[in-house]
K.L.:
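Take this structure first; my questions come after.
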Amino acid sequence: MTEPPSTAAISHEELQLAARNHAMPLEALRWDVTPIGLHYLLTHYDVPMLDPSAFRLEVDGHVERPLSLGIDDLRMRETVTSTVTMECAGNGRAGLAPRPVSQPWLLEAVGTGEWTGTPLRGLLADAGIRDGAVEVVFEGADRGVEGGEAQAYARSLPLADALAPEVLLAWGLNGHVLPPQHGFPLRLLVPGWYGMTSVKWLTRITVTTVPFTGYQNQESYRIRRDEDDPGVPVTRIAPRALMVPPGVPDFMTRRRFLPEGRVTVEGRAWSGRAPVVAVELGVDGEWIPARLERASGPFAWRRWTAEWDAAAGEHELSCRCRDEAGGEQPLEASWNVGGYANNAVQRVAVTVGGPA
Ligand SMILES: Nc1nc2c(c(=O)[nH]1)N[C@H]1C(S)=C(S)[C@@H](COP(=O)(O)O)O[C@H]1N2
Ligand SMILES: [Mo]
């Protein structure tokens with residue numbers, strides 16, 4: 001029998017966050033590119049309303065030539081479209097006990113977009129990075145208070161990571177103008193890294209000679225054993241496989257019901273560290289190899305399928321993947337203060353031959 005991830009009741013504060021920041025319903029794993037509106041959302045403060053005609057992106061700091069660009073200036077640059085899977089670092093948080101109090105994600109804080117924009121490194125080359133630069137700081141137009149500190153949402157990347165060819169300044173999603181909730185008119189997109197890196201409503205890029213000490217790098221998004229542990233930064237996405245729960249759900253419990261017989265279980269698997277090379281479907285603790293399909297790009301999830309001869313009775317399905325770097329998914333979650341990067345395997349309770 002599968003236990004609920006956490007038996008502790010969620011608070012009003014967690015409910016407020018959960019209502020604003022929705023997940024991707026697991027059945028949307030059927031789409032290679034997540035339709036806009038089904039992609040997950042995570043916004044720390046408020047969604048800002050920006051006027052694209054007044055919009056400027058400033059590039060400053062330790063550069064030869066500071067730049068100030070409008071959206072049309074950016075659109076005239078080299079333009080690329082890539083299919084990228086993004087996942088929130090807090091995905092899986094609600095599976096931890098005790099549950100860290102923040103956005104209470106179960107497993108579905110993920111989505112894949114076809115992002116259109118211009119490579120960041122071309123822009124940085126035009127600005128001319130001076131000797132001695134170590135990091136690049138990205139600041140959004142949204143403001144709030146977090147940990148008692150007033151701030152604009154800002155995150156940094158080590159210079160070498162900012163210069164990776166796949167890093168984009170994106171203005172398009174799935175062939176449309178970027179929607180307000182995903183960062184209109186411009187966002188950073190850092191393929192392979194957890195979502196907090198991809199700053200939305202991007203208005204300023206600053207090259208620095210010292211590591212950034214802003215809240216979202218120094219205080220938040222670190223794996224800490226306890227409050228006194230300085231911890232290590234959360235960076236790239238850990239491997240994870242998810243399945244579309246087979247059959248039909250019970251309205252309240254979401255327990256699955258399906259008839260006896262052969263069923264194709266399908267899902268997606270991804271890792272921001274190395275390509276996914278294997279997926280397995282677990283049936284009551286026995287692992288069956290799944291068939292893997294090609295990914296739409298080096299940073300996109302891969303579809304997988306596995307056949308299961310469903311016999312009448314109660315079953316527990318699970319799935320797990322492995323990446324080329326040897327990264328795997330644990331059967332049991334390991335706890336940390338912020339509840340980050342919990343990639344423990346998904347478990348789905350199924351009744352075969354029941355009311356459905
Ligand atoms: N400016 C800004 N950028 C942001 C955030 C934010 O609150 N403000 N949230 C981050 C987090 S934690 C995640 S997981 C992703 C979510 O992107 P999405 O809402 O487009 O899915 O955006 C990141 N970029
Ligand atoms: Mo996130």
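Heads up: numbering here begins at 1 and tracks the sequence. Everything numeric here is computed off the predicted structure, so don't read it as measured data.
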K.L.:
Could you tell me whether the side chain of Thr43 and the main chain of Tyr45 form a donor-acceptor pair under 3.5 Å?
P.N.:
no
K.L.:
Count the heavy atoms of every other residue, nucleotide or ligand shown that sit under 6.0 Å from CD of Glu286, and state whether that count exceeds 12.
P.N.:
no
K.L.:
Would Gln216 and Gln151 count as having a side-chain donor-acceptor pair, cut-off 3.5 Å?
P.N.:
yes
K.L.:
Donor-acceptor pair, distance only, cut-off 3.5 Å: does the side chain of Asp284 make one with the backbone of Glu316?
P.N.:
yes
K.L.:
Verify whether one side chain among Glu307 and Thr264 offers a donor that lies under 3.5 Å from an acceptor in the other.
P.N.:
yes
K.L.:
Is it true that, when you exclude Glu227 itself, more than 12 heavy atoms of the residues, nucleotides or ligands shown sit nearer than 6.0 Å to its CD?
P.N.:
no
K.L.:
Please check if the side chain of Asp60 supplies one atom and the backbone of Pro66 the other of a donor-acceptor pair under 3.5 Å.
P.N.:
no
K.L.:
Side-chain donor-acceptor pair under 3.5 Å between Thr351 and Glu314, yes or no?
P.N.:
yes
K.L.:
Determine, stepwise, if the pair Glu146 / Tyr153 fulfils side-chain hydrogen bond (donor to acceptor under 3.5 Å, both in side chains).
P.N.:
CA-CA 10 Å; Glu146 205 171 340; Tyr153 186 90; over 6 Å; no
K.L.:
What's the spacing between Gln16 CD and Gln103 CD if we round to 0.5 Å?
P.N.:
11.5 Å
K.L.:
Can you see whether Ser156 engages Glu135 through a side-chain donor-acceptor pair at a distance of less than 3.5 angstrom?
P.N.:
yes
K.L.:
Would you say Asn174's side chain and Glu114's backbone share a donor-acceptor pair under 3.5 angstrom?
P.N.:
yes
K.L.:
Does some side-chain heavy atom of Arg155 sit less than 4.5 Å from a side-chain heavy atom of Asn217?
P.N.:
yes
K.L.:
Got a donor-acceptor contact below 3.5 angstrom from the Tyr194 side chain to the Ala238 backbone?
P.N.:
yes
K.L.:
I'd like to check the side-chain hydrogen bond (donor to acceptor under 3.5 Å, both in side chains) partners of Arg20; sequence neighbours left out, ordered by chain and number.
P.N.:
none
K.L.:
Can a donor-acceptor pair be found, under 3.5 Å and without considering hydrogens, that links the side chain of Arg262 to the backbone of Asp309?
P.N.:
no
K.L.:
Not counting sequence neighbours, list each pair that qualifies as a ring pair (Phe, Tyr, Trp, His ring centres under 6.0 Å) and has a residue in residues 264-301.
P.N.:
Trp270-Trp301
K.L.:
Check whether any side-chain N or O of Trp304 sits under 3.5 Å from a backbone N or O of Ala278 as a donor-acceptor pair, and report yes or no.
P.N.:
no
K.L.:
Angle between ring planes, His182 versus Trp115, binned at 30° and 60°: parallel, tilted or perpendicular?
P.N.:
perpendicular
K.L.:
Can you tell me how far apart CZ (Arg143) and CD (Glu139) are? Round to the nearest 0.5 Å.
P.N.:
7.5 Å
K.L.:
Please test Arg347 against Ser318 for side-chain hydrogen bond (donor to acceptor under 3.5 Å, both in side chains), starting from the C-alpha separation and ending with a verdict.
P.N.:
CA-CA 5 Å; Arg347 295 168 193 277; Ser318 51; 5.3 Å; no
K.L.:
Please answer whether the main-chain N or O of Pro48 pairs with a side-chain N or O of Asp46 as donor and acceptor at a distance below 3.5 Å.
P.N.:
no
K.L.:
Please check this pair: side chain of Gln329 against backbone of Ala241, looking for a donor-acceptor N/O pair closer than 3.5 Å.
P.N.:
yes
K.L.:
Side chain of Arg320, backbone of Val345: donor and acceptor closer than 3.5 Å?
P.N.:
no
K.L.:
Counting heavy atoms not belonging to Arg56, are there more than 12 under 6.0 Å from its CZ?
P.N.:
yes
K.L.:
Is there a path of hydrophobic side-chain contacts, each under 4.5 Å between heavy atoms of I, L, V, M, F, W or Y residues, that connects Leu173 with Met86?
P.N.:
yes
K.L.:
Take atom CZ of Arg322 as the centre, draw a 6.0 Å sphere, and report whether it contains more than 12 heavy atoms from other residues, nucleotides or ligands.
P.N.:
no
K.L.:
Would Thr112 and Thr85 count as a side-chain hydrogen bond (donor to acceptor under 3.5 Å, both in side chains) if you check the C-alpha gap in whole Å, the side-chain angles of each, and the deciding distance to 0.1 Å?
P.N.:
CA-CA 4 Å; Thr112 296; Thr85 297; 2.7 Å; yes
K.L.:
Heavy-atom count around Arg130 CZ within 6.0 Å, excluding the residue itself: above 12?
P.N.:
yes
K.L.:
Please check if atom CZ in Arg65 has more than 12 non-hydrogen atoms from other residues, nucleotides or ligands closer than 6.0 Å.
P.N.:
yes
K.L.:
Establish, from distance only, whether the side-chain atoms of Thr116 and Thr81 form a donor-acceptor pair under 3.5 Å.
P.N.:
yes
K.L.:
Would you say Tyr40 and Glu87 are linked by a side-chain donor-acceptor pair, where the criterion is simply a distance under 3.5 Å?
P.N.:
no
K.L.:
Assess, by modelled atom type and distance only, whether the side chains of Ser102 and Tyr340 contain a donor and an acceptor separated by less than 3.5 Å.
P.N.:
no
K.L.:
Does a side-chain N-to-carboxylate-O contact under 4.0 Å join Arg268 and Asp32?
P.N.:
yes
K.L.:
Between Leu74 and Leu123, is the side-chain contact (heavy atoms from CB on, under 4.5 Å) condition met? List the steps.
P.N.:
CA-CA 9 Å; Leu74 287 158; Leu123 205 79; 4.2 Å; yes
